Amino acid sequence: MNDKPVFVTQPYLPELSEFLPYLESIWESKILTNGGPMHQQLEAELCEYLGVEHIALFNNGTIALLTALQALRITGEVITTPYSFVATAHSLLWNGIKPVFVDIDPITLNMDPAKIESAITPLTTAILPVHCYGHPCDVDAIQAIADNYNLKVIYDAAHAFAVKDRSGSVLRHGDLSVLSFHATKVFNTFEGGAIVCPDAKTKQRIEHLKNFGFVDEVTVVAAGINGKMSEINAAFGLLQLKHIDTALRLRGKIDALYREGLAGVKGIKVVDESGQDKANFSYFPILIEEDYPLSRDELYEKFKSINIFVRRYFYPLISDFPMYRGLPSSNKANIPVADSVSQRVLCLPIYPALELAQVEQIIAFVRQQSPA
Ligand SMILES: *Cc1c(COP(=O)(O)O)cnc(C)c1O
């Protein structure tokens with residue numbers, strides 16, 4: 001039994017004293033937002049750390065997604081996954097775009113490229129895949145389809161901070177990649193987000209869009225939004241970045257311990273992590289299969305009863321929410337794998353401050369439900 005509740009994630013907070021010099025610097029400059037020195041520095045350091053050319057910082061990942069769609073002037077229909085956080089599809093609705101859901105691959109839990117082509121119509125303008133749990137999508141297959149049909153690709157990379165594949169950052173793929181720096185994510189700025197883009201011209205357009213469309217004092221070129229990251233958020237990002245390698249290493253230890261401890265448990269399937277050369281261990285999803293003694297929801301409730309709050313990411317599917325339910329592509333027959341996985345998935349706690357003894361306890365708890 002745990003006196004203190006254990007949640008699925010916990011933000012990584014360095015010592016408060018480490019943050020004070022950043023605050024003093026902001027107080028001294030009196031620059032609170034609008035692309036101040038902290039913002040400029042975080043942009044530069046993130047480009048360097050992530051190994052990308054251009055990055056535009058935002059006040060959150062959802063506004064960044066909305067802006068990414070606007071930047072590429074996406075309209076009509078966009079092909080996406082129902083197996084994600086609801087903001088992925090909401091960004092389409094807020095832009096007056098119709099989401100078209102395709103099923104996921106049963107191994108990677110990412111959009112199944114083999115399902116994309118049959119979902120394309122004359123109205124399709126883009127594909128919006130998600131690197132779910134930070135596991136890279138089949139980027140080559142997706143790009144090949146996009147090239148064939150002249151579609152844009154925007155990756156919802158909210159889970160994929162610092163993830164690398166064989167050729168480098170996973171954020172280099174597609175036309176744009178969108179990050180979230182929300183408190184629950186691997187790298188956080190309390191609230192925050194970013195768009196990674198390949199060229200300076202696109203970055204310029206994004207910068208205009210995130211600042212109401214202003215180009216200069218008297219020129220507005222687009223119906224932009226307020227997507228700017230404040231100095232205090234950027235400052236916290238700079239501090240987080242100093243600790244990110246430690247945070248990732250600690251997460252990696254937990255991931256390894258879970259993998260070892262849960263291997264061979266009847267009815268428990270650990271989600272594959274291939275495709276990445278450098279993972280970020282942002283989530284630890286397991287699938288509860290038929291031959292496990294408890295159902296997923298029973299195990300979820302049992303964890304709750306000992307004060308461990310595991311999460312059913314992603315359940316319900318986006319396509320089950322009322323504003324999506326009526327779409328033809330939301331039909332369960334169209335997305336059977338996503339439907340099945342969302343009934344079986346459970347994400348276990350993983351965050352830098354989680355003690356290995358607690359991980360052992362969680363593993364033992366999962367094992368102990370098995371018949372002897
Ligand atoms: C967190 C998340 C978002 C939204 O990011 P916010 O910064 O919270 O607005 C979008 N998509 C996915 C897949 C997410 O996990």
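Just so you know, ligand 1 is whichever comes first in the structure, and atom 1 is the first atom listed for that ligand. Positions are given from 1, in the same order as the sequence printed here. No hydrogens, no waters, no symmetry mates; every other heavy atom, side chains included, goes into these values. What you see is a predicted model; the values in this text were computed from it and never measured.
- Protein heavy atom closest to atom 15 (O) of ligand 1, with residue, atom name and distance, is H159 NE2, 2.8 Å.
- Backbone and side-chain nitrogen or oxygen atoms of H182 are examined, and none is located within less than 3.5 angstrom of a nitrogen or oxygen of ligand 1.
- Within the 4.5 Å cutoff, side-chain heavy atoms of K302 are placed close to those of F365.
- Of the residues listed (I286, L348, L287), the one engaging V270 in a side-chain contact (heavy atoms from CB on, under 4.5 Å) is I286, and it is the only one.
- Every atom of ligand 1 is numbered from 1 in the order shown, and the set under 4.0 Å from a heavy atom of K185 is 1 (C), 2 (C), 14 (C), 15 (O).
- Considering backbone and side-chain N/O of Y283, none are found under 3.5 Å from N/O of ligand 1.
- No heavy atom of G193 sits closer than 4.0 Å to any atom of ligand 1.
- Proximity of Y292 to L299: side-chain heavy atoms (C-beta onward) are separated by under 4.5 Å at one or more points.
- Salt bridge absent: R367 and E360 never bring a charged side-chain N and a carboxylate O closer than 4.0 Å.
- In summary, the atoms of ligand 1 found under 4.0 Å from a heavy atom of G192, numbered by their order in the structure, are 7 (O).
- With a 6.0 Å cutoff to the six-membered ring centre and a 45° limit on the axis angle, R312 counts as a cation-pi contact of Y300.
- Relative to the ring axis of F161, K185 does not place its NZ or CZ within 45° and under 6.0 Å from the centre.
- When each atom of ligand 1 is checked for a heavy atom of S84 under 4.0 Å away, the hits are 13 (C).
- The shortest N/O to N/O separation between F85 and ligand 1 does not fall below 3.5 Å.
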